[in-house]
Asks: 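One structure coming up, written as structure tokens, with questions to follow.
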Amino acid sequence: MIKAIKGTKDILPDSIGKWKHVENLISLIFKNYNYKEIRTPVFEETSLFARGIGEATDIVGKEMYTFEDRSKTSITLKPEMTASVVRAFIEHSLGKKQSLNKLYYISPMFRQERPQAGRLREFHQFGAEALGSSSPLLDVEMISMAYGILSGLGLKDLTIKINSLGTPESRKKYTQELRKYLNDKEHLLSGESKERISKNILRIFDSKIENDIEVMKGAPLLLDYLDNESKDDFEKVKSSLTSSKISFEIDTSLVRGLDYYTKTTFEIISGKVGAQSALCGGGRYDLLVEQLGGEPTPGTGFAAGIERILIACENENSFEVTEPSINLYIVCLEKTLMAKTYELAQSIRRNNISVEMDYIGRSIKAQMREANKFNAKFALFFGGEEYQSHKSQLKNMETGEQEIISLENIINKINV
RNA sequence: GUGGGCGUAGCUCAGUUGGUUAGAGCACCAGGUUGUGGUUCUGGGGGUCGUGGGUUCGAAACCCACCGCUCACCCCA
């Protein structure tokens, strides 16, 4: 039996209702904030991600779905969306058509990691990017939208964490200090953390090993080394969040694993999804556009994982979707009349009324059971006599009431 | 890439210290007299017990290998 590729999942009709519910809320919220939808190809030239996300990141280093196409071009299935959006932004000169571009997306992403709860190889993200302003208000807007969607789905067990990474200059100054601090403490660190000293020193803060945590408790904090502008912006983010009545935690160890972040970064965590608790992550990336060959343009954005959100919703029982129903089920009383039944169904469907019938030749009892299963509002009994007289029994499935009506009159009766 | 757990019907699972034709619930199909659902009753179909090898008179149960799923580490949505 051929099965879906490891780490990929079919979304079956049973769960489509939940997906639609989430997607509808996403587009509603983004519409309220005047974000426009953008769609980009599922694959891009590999170098876009290598340059955009950063060669040293895990995503680029070991998680990308990369292959050569027939013309030997290196292609990569998008592991995240920001690089693609920025590429499109540059390619179509969106910054020249409009000074501030507010964009959103819902799209599948691909990363070749070992699957686990809340982590798939093909997964779906929605997110937004605002290109053309360095205002911290937009950082707050990102958090507000993300939080608005998550809480709008009924999620309660949420924690918003924020941090500031500052400018590259201030970060450089800081990492030098951090290195100094760790100089004589290296032997206390775990092997992995030792490696990070040279590779990506900020990530030592992410370590969950007790000794590492102990050592890092006394470490200098990035927030103390921020340049004035970053510091100022971070203050504005905090006060604006507070006045928006969004509670948050400052997490100085919050280090986003993507190289392009500057200044404000944030994450929204759920306690209800297992180990992969980040539902959403984002931040400012003021240098990315330039880095990818565009005019210097500040940007900020976030991405959220739909599968993780659905797991959290499931575990919190945060919303219910109503079963879809159909307007009418036509019970075919004589198998020889199936074609006539179909014609009747068609004529009713043309009026935007949803109609189902039996195509298998089932018993009347079975057909009624079907009507019930599909939540049909009405059932119509159609046989030879009815075909001749153009009159049928129409049954209201909720009340059980039944009346004889002329077939020409069905549409009015059902619409009531 | 590393480690743990698990593979019996479409789904959720039973299956006693290895012992006859492998079970239940749900789902599915048919029926409970003349053309009518949800509750209920009766009956039915469906499994090379993940795959391959081994131990044994005898394996779904025990051993080994492989495959798959799952959870966790790393990192991230």
Side-chain angles (χ1 to χ4, degrees), chain A residues 1-9 12 14 53 56-64 78-82 106-127 146 150 190-193 195-196 199-200 203 206-209 254-258 267-270 273-282 301-312 329-335 337 360-386 392-402:
Chain A
M1 180 171 58
I2 298 175
K3 298 202 287 185
I5 299 289
K6 182 201 275 286
T8 68
K9 284 236 183 325
L12 299 175
D14 303 39
I53 301 169
T57 60
D58 276 17
I59 293 179
V60 174
K62 56 182 196 190
E63 295 169 6
M64 293 203 301
K78 59 186 173 193
E80 61 110 49
M81 194 67 175
T82 304
I106 305 177
S107 168
M109 305 293 164
F110 307 85
R111 291 182 203 172
Q112 190 165 175
E113 300 179 83
R114 272 286 256 280
Q116 74 186 72
R119 171 191 285 156
L120 292 168
R121 289 184 170 186
E122 182 192 32
F123 59 103
H124 297 78
Q125 286 188 336
F126 66 87
L150 297 178
S190 65
E192 277 174 36
S193 289
E195 271 179 43
R196 286 176 178 157
K199 225 175 117 192
N200 192 338
R203 278 203 220 154
D206 282 343
S207 175
K208 279 149 200 157
I209 297 158
L254 197 160
V255 176
R256 317 248 58 257
L258 300 135
E267 216 167 68
I268 302 178
I269 310 271
S270 164
V273 278
Q276 305 307 320
S277 57
L279 299 186
C280 162
F302 80 93
I306 298 181
E307 283 85 353
R308 281 184 192 176
I309 290 169
L310 285 172
I311 291 172
Y329 190 100
I330 305 178
V331 176
C332 177
L333 301 171
E334 293 155 46
K335 279 177 197 169
L337 284 171
I360 301 177
R362 273 178 282 211
S363 65
I364 289 154
K365 190 190 203 105
Q367 291 186 58
M368 284 304 284
R369 283 179 175 156
E370 280 266 289
N372 198 57
K373 193 171 82 185
F374 293 140
N375 243 315
K377 294 192 180 70
F378 293 92
L380 183 82
F381 297 92
F382 184 74
E385 210 177 288
E386 288 76 4
S392 257
Q393 294 275 354
L394 183 72
K395 179 170 189 167
N396 182 317
M397 293 294 281
E398 267 170 56
T399 63
E401 282 164 20
Q402 207 162 302

Asks: Can you work out whether A:Ala303 or A:Lys3 has the more 5'-proximal nearest nucleotide on RNA chain B?
Replies: A:Lys3
Asks: Write down the distance separating the C1' atoms in B:G32 and B:C49, rounded off to the nearest Å.
Replies: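 That atom pair is separated by 36 Å.
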Asks: To check you understand the geometry: which heavy-atom pair defines the closest contact between A:Phe302 and A:Ala146, and what is its length?
Replies: CE1-CB, 3.7 Å
Asks: Starting at CG of A:Leu254 and ending at P of B:A77, how long is that distance when rounded to a whole Å?
Replies: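 Rounding to the nearest Å, CG of A:Leu254 and P of B:A77 are 10 Å apart.
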Asks: Distance check, C1' atoms only: B:G23 and B:A65, in whole angstrom units.
Replies: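 Taking atom C1' in both B:G23 and B:A65, they lie 30 Å apart.
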Asks: What does the B/S/- profile of nucleotides 6-13 of chain B look like, 5' to 3', with a 4.0 Å heavy-atom cutoff to protein?
Replies: --------
Asks: Going by the rule side chain to side chain contact (heavy atoms under 4.5 Å, CB included), which residues pair with A:Asn372 if we only count those two or more places apart in sequence or in a different chain?
Replies: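 Checked A:Asn372 against side chain to side chain contact (heavy atoms under 4.5 Å, CB included); matches are A:Met397.
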Asks: So, do A:Phe381 and A:Leu333 sit near enough that their side-chain heavy atoms are less than 4.5 Å apart?
Replies: yes
Asks: Tell me, do A:Met109 and A:Arg111 make a side-chain contact under 4.5 Å, heavy atoms counted?
Replies: no
Asks: With a 4.0 Å limit, can you tell me whether A:Gln116 has a side-chain N or O closer than that to the phosphate oxygens OP1/OP2 of B:U70?
Replies: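 No.
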Asks: Donor-acceptor pair, distance only, cut-off 3.5 Å: does the side chain of A:Ser392 make one with the backbone of A:Glu386?
Replies: no
Asks: Using the six-membered base ring of B:A77, report whether A:Phe123 stacks on it, requiring centroids under 5.5 Å and planes under 30° apart.
Replies: yes
Asks: Could you tell me whether the side chain of A:Ser107 reaches within less than 4.5 Å of the side chain of A:Gln125, counting heavy atoms only?
Replies: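 No, every pair of side-chain atoms sits at 4.5 Å or beyond.
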Asks: Let me see the working for A:His124 and A:Ile106 under side chain to side chain contact (heavy atoms under 4.5 Å, CB included), right down to the final yes or no.
Replies: CA-CA 7 Å; A:His124 297 78; A:Ile106 305 177; 5.6 Å; no
Asks: Suppose you measure atom C1' in B:A77 against the same atom in B:G4; what distance do you get, rounded to whole Å?
Replies: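 Comparing C1' positions in B:A77 and B:G4 gives a spacing of 25 Å.
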Asks: For nucleotides B:U21 and B:A60, find the distance between their C1' atoms and express it as a whole number of Å.
Replies: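 These two C1' atoms come out 15 Å apart once rounded.
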Asks: Among B:U2, B:G37, B:A77, which nucleotide sits nearest the side chain of A:Arg114?
Replies: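 In terms of side-chain proximity for A:Arg114, the closest of B:U2, B:G37, B:A77 is B:U2.
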Asks: Using whole Å, report how far CG of A:Leu333 lies from P of B:U36.
Replies: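 For the pair A:Leu333 CG and B:U36 P, the rounded distance is 9 Å.
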Asks: Are the side chain of A:Gln367 and the backbone N or O of A:Cys332 linked by a donor-acceptor pair below 3.5 Å?
Replies: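 Answer holds: yes.
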Asks: Looking for any heavy atom pair under 4.0 Å, which part of the strands does A:Leu258 touch: base, sugar-phosphate only, or nothing?
Replies: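 A:Leu258: backbone/sugar contact only, no base atoms under 4.0 Å.
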Asks: Hey, does A:Glu63 reach any base, or is it just sugar-phosphate, or nothing, if we go heavy atoms under 4.0 Å?
Replies: sugar-phosphate
Asks: Can you tell me, in whole Å, how much space there is between the P of B:A22 and that of B:G47?
Replies: 12 Å
Asks: With sugar-phosphate meaning primed atoms plus P, OP1 and OP2, does A:Ala278 contact a base, only sugar-phosphate, or nothing at under 4.0 Å between heavy atoms?
Replies: sugar-phosphate
Asks: With respect to the side chain of A:Ala117, which nucleotide from B:C71, B:G37, B:G35 is positioned closest?
Replies: B:C71
Asks: How far, in whole Å, is B:G7 from B:A14 if one measures between their P atoms?
Replies: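 Those two atoms are separated by 8 Å.
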Asks: Quote, to the nearest angstrom, the P distance that separates B:C13 from B:G50.
Replies: 15 Å
Asks: Could you provide the dot-bracket string of RNA chain B, using ( ) for intrastrand pairs, [ ] for crossing pairs and | for bases paired to another strand, with Watson-Crick or G-U pairs below 3.5 Å?
Replies: (((((((..((((.....[...)))).(((((.......))))).....(((((..]....))))))))))))....
Asks: Rounded to whole angstrom, note down the P distance from B:U2 over to B:A59.
Replies: 35 Å
Asks: Could you work out which one of B:G68, B:U36, B:C74 sits closest to the side chain of A:Asp58?
Replies: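 Nucleotide nearest to A:Asp58's side chain: B:C74.
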Asks: So what does A:Glu385 hit on the nucleic acid, given a heavy-atom distance under 4.0 Å: a base, only sugar-phosphate, or nothing?
Replies: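 Since a base atom lies under 4.0 Å of A:Glu385, the category is base.
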Asks: A:Glu113 near the nucleic acid: base, sugar-phosphate alone, or nothing, with a heavy-atom cut-off under 4.0 Å?
Replies: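 Counting heavy atoms under 4.0 Å across all strands, the contact made by A:Glu113 includes a base.
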Asks: Between A:Lys6 and A:Pro115, is there a side-chain heavy-atom distance shorter than 4.5 Å?
Replies: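 Side chain of A:Pro115 against side chain of A:Lys6, heavy atoms only: contact under 4.5 Å found.
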Asks: Could you check A:Lys6 against A:Leu279 and say which one's nearest nucleotide on RNA chain B is further toward the 5' end?
Replies: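 Looking at RNA chain B, the more 5' nearest nucleotide goes with A:Lys6.
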Asks: Given side chain to side chain contact (heavy atoms under 4.5 Å, CB included), test A:Tyr329 with A:Phe378 step by step and report yes or no.
Replies: CA-CA 6 Å; A:Tyr329 190 100; A:Phe378 293 92; over 6 Å; no
Asks: Considering just the side-chain nitrogens and oxygens of A:Gln402, establish if one lies under 4.0 Å of OP1 or OP2 belonging to B:U36.
Replies: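 No, outside the criterion.
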Asks: Is there a donor on the side chain of A:Glu386 or the base of B:G35 sitting less than 3.5 Å from an acceptor on the other?
Replies: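 In this structure, the two groups form a donor-acceptor pair.
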Asks: Base, sugar-phosphate or nothing for A:Gly281? Non-hydrogen atoms, less than 4.0 Å.
Replies: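 It contacts sugar-phosphate atoms only.
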Asks: Find the distance A:Lys9:NZ to B:G68:C1' and express it as a whole number of Å.
Replies: 13 Å
Asks: Between A:Arg308 (side chain) and A:Arg119 (backbone), is there a donor-acceptor pair under 3.5 Å?
Replies: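 Here the side-chain-to-backbone pair does not exist.
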Asks: Closer than 3.5 angstrom, by distance alone: can the side chain of A:Thr399 be matched with the main-chain N or O of A:Glu401 as a donor-acceptor pair?
Replies: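 Present.
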Asks: For atom CD1 of A:Ile5, decide whether the heavy atoms of other residues, nucleotides or ligands shown that lie under 6.0 angstrom number more than 12.
Replies: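 Incorrect, the count does not exceed 12.
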Asks: Once you apply a heavy-atom cut-off of 4.0 Å, does A:Gly400 come out as touching a base, just sugar-phosphate, or nothing?
Replies: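 Contact class for A:Gly400: base.
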Asks: Just to verify, what does A:Lys365 make a side chain to side chain contact (heavy atoms under 4.5 Å, CB included) with, not counting sequence neighbours?
Replies: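 Scan of A:Lys365 (side chain to side chain contact (heavy atoms under 4.5 Å, CB included), adjacent residues dropped) gives A:Ser363, A:Arg369.
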Asks: Quick one: is B:U2 close enough that its OP1 or OP2 comes under 4.0 Å of any side-chain N or O from A:Lys62?
Replies: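 Checking A:Lys62 against B:U2: no side-chain N or O falls below 4.0 Å of OP1 or OP2.
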Asks: Just checking, is any N or O donor in the side chain of A:Gln393 or A:Gln402 under 3.5 Å from an acceptor N or O on the other one?
Replies: yes
Asks: Is A:Val331 close to A:Phe382 at the side-chain level, that is, under 4.5 Å between some pair of heavy atoms?
Replies: no
Asks: Can you tabulate the close N/O pairs, meaning under 3.5 Å, that link protein atoms to atoms of nucleotides 43-52 of chain B?
Replies:
none

Asks: Counting primed atoms plus P, OP1 and OP2 as sugar-phosphate and everything else as base, spell out the protein contacts along nucleotides 26-33 of chain B at 4.0 Å heavy-atom distance: B, S or - for each nucleotide, 5' to 3'.
Replies: --SSSBB-
Asks: What is the separation between atom CD on A:Gln393 and atom P on B:U36, rounded to the nearest whole Å?
Replies: 12 Å
Asks: Nearest heavy-atom pair of A:Glu267 and A:Ile269: which atoms, and what distance?
Replies: OE1-CD1, 3.4 Å
